[in-house]
Novice: 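Structure in structure tokens, see below.
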Amino acid sequence: MRLDHLWLTDFRNAAATSLDLAPAGLTVIEGRNGQGKTNLLEAVAWLATLESFRGAPTEALVRAGAESAVIRAAGQRGGHDLLIEGEITLRGRTRVQVNRQPLRRTRDLLGALRVSVFSPDDLVLLKGGPAERRRYLDDLLVACHPRWDALRADLDRTLRQRGALLKQAGGRLTGDTAPTLDVWDAKLASAGTELADGRAALVDRLQPEVAKAYDELAGVQIPLQLVYEAPWRRQSGGPGLAEALARARTDDVRRGVSTVGPHRDELAVRLGGLPARTHASQGEQRCLALALRLAGHAVVREEAREDPVLLLDDVFSELDPDRSRALVEHLPDGQALLTTAGPLPPGVRPAARLLMRAGVVTAAPG
């Protein structure tokens with residue numbers, strides 16, 4: 001998988017710009033802060049997921065004064081031409097086409113383009129709450145196979161309906177609400193067990209990849225462990241979700257929330273036997289966050305049998321020279337786009353260099 005050309009119209013600060021990408025190796029996008037370098041990576045990632053990896057709302061993606069933004073990318077996938085076009089509108093539905101064919105659902109886009117994003121915000125994977133790590137796992141599952149998106153959506157819908165019923169119960173379970181709660185419990189047990197099993201299997205695959213990536217980046221070997229923590233899972237010695245929901249029913253009704261299930265699970269990351277969230281240094285956490293992204297990239301590549309496009313947003317600004325050098329030396333094969341506001345570390349030999357200035361891309365001088 002590769003992208004050859006990218007066109008932006010009224011996306012973020014880009015009124016109209018386009019760029020050619022190196023078919024393999026590293027395309028470096030240089031420019032001072034605030035010129036729109038990250039916007040280019042955000043546009044590519046949006047074409048893969050229809051979401052901003054920066055968590056920005058739709059209206060923030062459309063240039064001020066414009067009614068819509070258009071992103072187009074052309075490339076190759078599996079030896080065939082690939083053209084993805086998206087229009088983000090302030091009013092009305094987002095429209096997307098793949099090879100000139102309109103998509104009826106967002107889910108139909110998933111898998112057409114795969115990306116792996118590295119950004120300074122990745123530190124939240126270690127310092128943030130459990131929801132950040134659950135999303136990391138779920139996003140990887142979807143990148144491996146789009147079917148997980150449907151399951152995740154089904155689970156979210158079930159949790160919303162069950163939560164609404166619990167709130168309506170007002171702390172008391174009546175003969176009218178109990179049968180409906182039984183229905184939602186059965187749906188939650190089925191979808192929740194499948195998702196948690198998928199997450200746990202993914203963690204097993206990530207474990208050696210994260211350890212390998214961390215050793216390469218940090219230059220030291222420290223015991224590293226990933227554990228998917230779900231006390232209710234049978235594989236963990238728990239009772240299973242159906243039984244756990246039955247046990248928690250009284251408490252759930254009293255509190256008006258679902259207290260058991262995959263929406264409460266955790267991915268524990270331990271370095272040297274200690275929780276990385278509380279005991280690792282800032283440098284170790286940054287190294288771990290990169291290792292988690294590199295490991296995810298490796299798993300998706302193996303599962304999809306193609307290299308996702310690497311998007312590296314200003315990663316060198318957050319790493320010391322040794323770790324920056326190690327990252328360059330161990331970048332995966334395939335196509336990569338990297339933004340930087342400063343000089344590149346020694347040893348970086350990009351296949352292409354571009355300059356971003358006020359939303360316009362040109363060839364970098366020299």
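Basis for what follows: all heavy atoms, side chains included, without hydrogens, waters or symmetry-related copies.
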Novice: Which residues satisfy the side-chain contact (heavy atoms from CB on, under 4.5 Å) test with Val360, sequence neighbours excluded?
Specialist: Thr17, Thr362
Novice: For Asn39 and Arg63, which I'm curious about, is there any donor-acceptor pair between the side chains at under 3.5 Å?
Specialist: no
Novice: Could you check whether Glu30 and Thr340, counting side-chain N and O atoms only, form a donor-acceptor pair closer than 3.5 Å?
Specialist: no
Novice: Among Arg255, Arg247, Arg249, which residue meets the salt bridge (charged side-chain N to carboxylate O under 4.0 Å, His left out) test with Asp251?
Specialist: Arg255
Novice: Can the positive tip of Arg72 be found less than 6.0 Å from the middle of the six-membered ring of Trp7, inside 45° of the ring normal?
Specialist: yes
Novice: Can you list every pair that meets salt bridge (Lys or Arg N to Asp or Glu O under 4.0 Å) and has a residue in residues 286-299, with sequence neighbours left out?
Specialist: Asp122-Arg293, Arg286-Glu318
Novice: Scan for salt bridge (Lys or Arg N to Asp or Glu O under 4.0 Å) pairs involving residues 216-227, sequence neighbours excluded, and state none if there are none.
Specialist: Lys212-Glu216
Novice: So that I can tick it off, tell me whether Arg134 and Asp265 are bridged by a salt bridge, with the cut-off set at under 4.0 angstrom between side-chain N and carboxylate O.
Specialist: no
Novice: Return the CG to CZ distance between Leu137 and Arg152, rounded to the nearest 0.5 Å.
Specialist: 10.5 Å
Novice: Between Thr174 and Thr177, does any side-chain donor sit less than 3.5 Å from a side-chain acceptor?
Specialist: yes
Novice: Can Thr339 and Asp313 be counted as having a side-chain donor-acceptor contact under 3.5 angstrom?
Specialist: yes
Novice: Determine whether the side chains of Thr259 and Asp252 contain a donor N or O and an acceptor N or O closer than 3.5 Å.
Specialist: yes
